[in-house]
Amino acid sequence: MSVTSRGFPLLLTFDLDAETMWTARDPSYAQRPILMSQGAYGWKVGVPRILELLRRYDVRATFFVPGVVVQQRPQVIEALLKDGHEIAHHSHTHAWITNLTPEQEREEMARGFEAIERATGKAPRGYRSPAGEFSPITLGLLQEYGFGYSSNFFDDDSPYLLEIGGARTDIVELPFRWVLDDAPFFQYSIVLPGRTMHPPSSVLESWKTEFDVLHAEDRMMMVAMHPQLIGQPSRLTVLEGLIKHALSYSNIWIGRCDEISDDMRPRLQAAV
């Protein structure tokens with residue numbers, strides 16, 4: 001049985017961290033305009049370029065956005081919504097959860113949730129943590145806030161229902177892995193870890209191969225990207241190449257995480 005009613009799911013997601021990629025690590029970075037300009041590239045140039053590409057292929061995607069970015073860049077959120085994309089929760093300030101007290105983590109969840117709800121008119125359906133970390137209370141917060149899906153864990157290539165406190169929930173986990181994230185290949189900054197620049201052709205080869213194997217196994221493919229990285233000219237060719245490759249197959253569903261997870265949920269419930 002396929003995991004969706006519309007064929008193999010390819011989920012294209014974007015973490016629109018903008019300047020918070022730096023300020024969450026050290027608030028003093030806000031006083032360094034060149035560092036900040038690297039984050040600004042994401043919302044100023046990367047997002048419009050990505051939107052034009054997605055529009056060309058009539059593809060809808062999910063953007064995980066910190067609450068402060070939602071508040072600071074309403075014009076960007078408006079553009080995403082106008083094109084039918086999903087706005088999902090990505091904390092409020094992009095602060096690393098492992099550095100927070102439970103009270104601070106709860107505040108990050110609440111403020112980010114409220115920012116998205118205010119900007120879009122509805123509660124966010126999905127959550128992705130900053131820097132790929134959870135604390136002992138994070139799963140409980142996902143349940144408390146009524147999220148329908150999570151995209152955080154690295155333990156599978158297929159979707160599954162999260163267990164919290166030993167009990168199965170209806171929260172669909174959409175796992176991914178670092179090989180399906182653009183940051184390990186493209187992130188470069190004098191103050192951030194990584195400092196790597198791979199040829200776009202090598203990344204496209206990796207992602208196309210991942211797609212082929214996952215499709216043959218009838219699983220799913222979750223790709224996590226950052227507008228400040230994948231939105232650069234040569235790197236956008238990787239995204240377009242993956243879309244073209246996927247569309248060369250039949251029965252492919254490239255869509256939003258909320259819509260795809262809603263379609264998956266009954267199948268996952270029935271399979272347990």
Side-chain angles (χ1 to χ4, degrees), residues 12-53 61-80 87-101 104-105 107-109 111-112 115-116 119 127-133 135 151-152 176 178-200 202-203 223-239:
L12 304 176
T13 67
F14 302 88
D15 293 357
L16 181 50
D17 304 327
E19 294 90 341
T20 68
M21 177 65 77
W22 284 264
T23 57
R25 294 172 183 269
D26 186 340
S28 72
Y29 289 162
Q31 307 306 314
R32 297 172 64 172
I34 302 302
L35 290 182
M36 293 301 94
S37 72
Q38 294 170 56
Y41 187 96
W43 61 264
K44 288 179 66 177
V45 182
V47 166
R49 188 174 278 141
I50 290 165
L51 288 182
E52 194 280 327
L53 173 64
T62 294
F63 288 74
F64 291 90
V65 192
V68 294
V69 179
V70 172
Q71 293 171 338
Q72 292 169 352
R73 311 299 171 197
Q75 75 280 15
V76 176
I77 302 304
E78 182 180 348
L80 296 176
I87 309 298
H89 199 310
H90 195 43
S91 80
H92 188 61
T93 67
H94 205 261
W96 282 31
I97 285 175
T98 51
N99 296 332
L100 302 178
T101 66
Q104 290 171 327
E105 182 180 350
E107 181 180 8
E108 283 279 316
M109 179 66 76
R111 295 180 69 190
I116 292 173
Y127 176 81
R128 177 175 286 160
S129 72
E133 293 282 2
S135 81
S151 180
N152 292 285
F176 67 109
W178 286 125
V179 71
L180 298 177
D181 189 305
D182 62 354
F185 299 105
F186 294 141
Q187 182 167 285
Y188 189 95
S189 170
I190 61 172
V191 298
L192 297 183
R195 296 199 191 183
T196 181
M197 291 190 185
H198 283 256
S202 69
V203 183
V223 186
M225 295 165 282
H226 302 76
Q228 68 204 37
L229 302 178
I230 203 70
Q232 297 187 33
S234 64
R235 295 163 178 186
L236 197 72
T237 63
V238 179
L239 176 55

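No side-chain heavy atom of Asp182 sits less than 4.5 Å from a side-chain heavy atom of Val203. In this structure, Thr20 and Asp17 have side chains that are in contact, with non-hydrogen atoms separated by less than 4.5 Å. Looking at Phe63 and Val69, their side chains never come closer than 4.5 Å, going by heavy atoms from C-beta outward. Residues Arg235 and Met225 have side chains not in contact (no heavy-atom distance under 4.5 Å, counting atoms from C-beta outward). In this structure, Gln187 and Met21 have side chains that are in contact, with non-hydrogen atoms separated by less than 4.5 Å. Looking only at side-chain heavy atoms (C-beta outward), Trp43 and Glu19 come within less than 4.5 Å of each other.
The closest donor-acceptor contact from the side chain of Glu108 to the backbone of Thr93 lies under 3.5 Å. Using modelled atom types, one side-chain atom of Asn152 and one backbone atom of Tyr127 make a donor-acceptor pair closer than 3.5 Å. Using modelled atom types, no side-chain atom of Gln31 and backbone atom of Ser28 make a donor-acceptor pair closer than 3.5 Å.
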Passes side-chain contact (heavy atoms from CB on, under 4.5 Å), Gln232 versus Tyr41? Steps please. CA-CA 9 Å; Gln232 297 187 33; Tyr41 187 96; 3.6 Å; yes
Verdict with reasoning, Thr23 to Met36, per side-chain contact (heavy atoms from CB on, under 4.5 Å): CA-CA 8 Å; Thr23 57; Met36 293 301 94; 3.8 Å; yes
Could you go through Phe186 and Val238, starting from their C-alpha distance and side-chain angles, then the distance that decides it, and tell me whether this counts as side-chain contact (heavy atoms from CB on, under 4.5 Å)? CA-CA 11 Å; Phe186 294 141; Val238 179; 4.2 Å; yes
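Applying the 6.0 Å contact sphere to CD of Glu78 captures no more than 12 heavy atoms from other residues, nucleotides or ligands.
Residues Leu100 and Glu105 approach most closely at CD1-CA, 3.9 Å, considering heavy atoms. The two residues Ile116 and His89 have their closest heavy-atom pair at CD1-CA, 3.6 Å. Taking all atoms of both residues into account, the shortest heavy-atom contact from Thr196 to Pro184 is CG2-O, 2.8 Å. Between Ala115 and Val70 the shortest heavy-atom distance is O-CG1, 3.6 Å. Heavy atoms only, all atoms of each residue included: Ala24 and Ala95 are closest at CB-N, 3.9 Å. Nearest heavy atom pair, residue Leu229 against residue Ala183, reads CD1-CA, 3.7 Å.
Atom OG of residue Ser135 and atom CD of residue Gln104 lie 11.5 Å apart, to the nearest 0.5 angstrom. Taking CG of Leu239 as the start and CG of Leu12 as the end, the distance is 6.0 Å to the nearest 0.5 Å. Note that the CD1 atom of Ile230 and the CD1 atom of Ile50 stand 7.5 Å from one another [nearest 0.5 Å]. The distance from atom CE of Met109 to atom OG of Ser129, rounded to the nearest 0.5 Å, is 9.0 Å.
Remark: Thr98 engages Trp96, Glu133 in a side-chain contact (heavy atoms from CB on, under 4.5 Å) (not counting sequence neighbours).
A perpendicular orientation is assigned to the rings of Phe185 and His198, their planes being inclined by more than 60° (bins at 30° and 60°).
Looking at Asp15 and Arg128, a side-chain N of the basic residue comes within less than 4.0 Å of a carboxylate O on the acidic one, giving a salt bridge.
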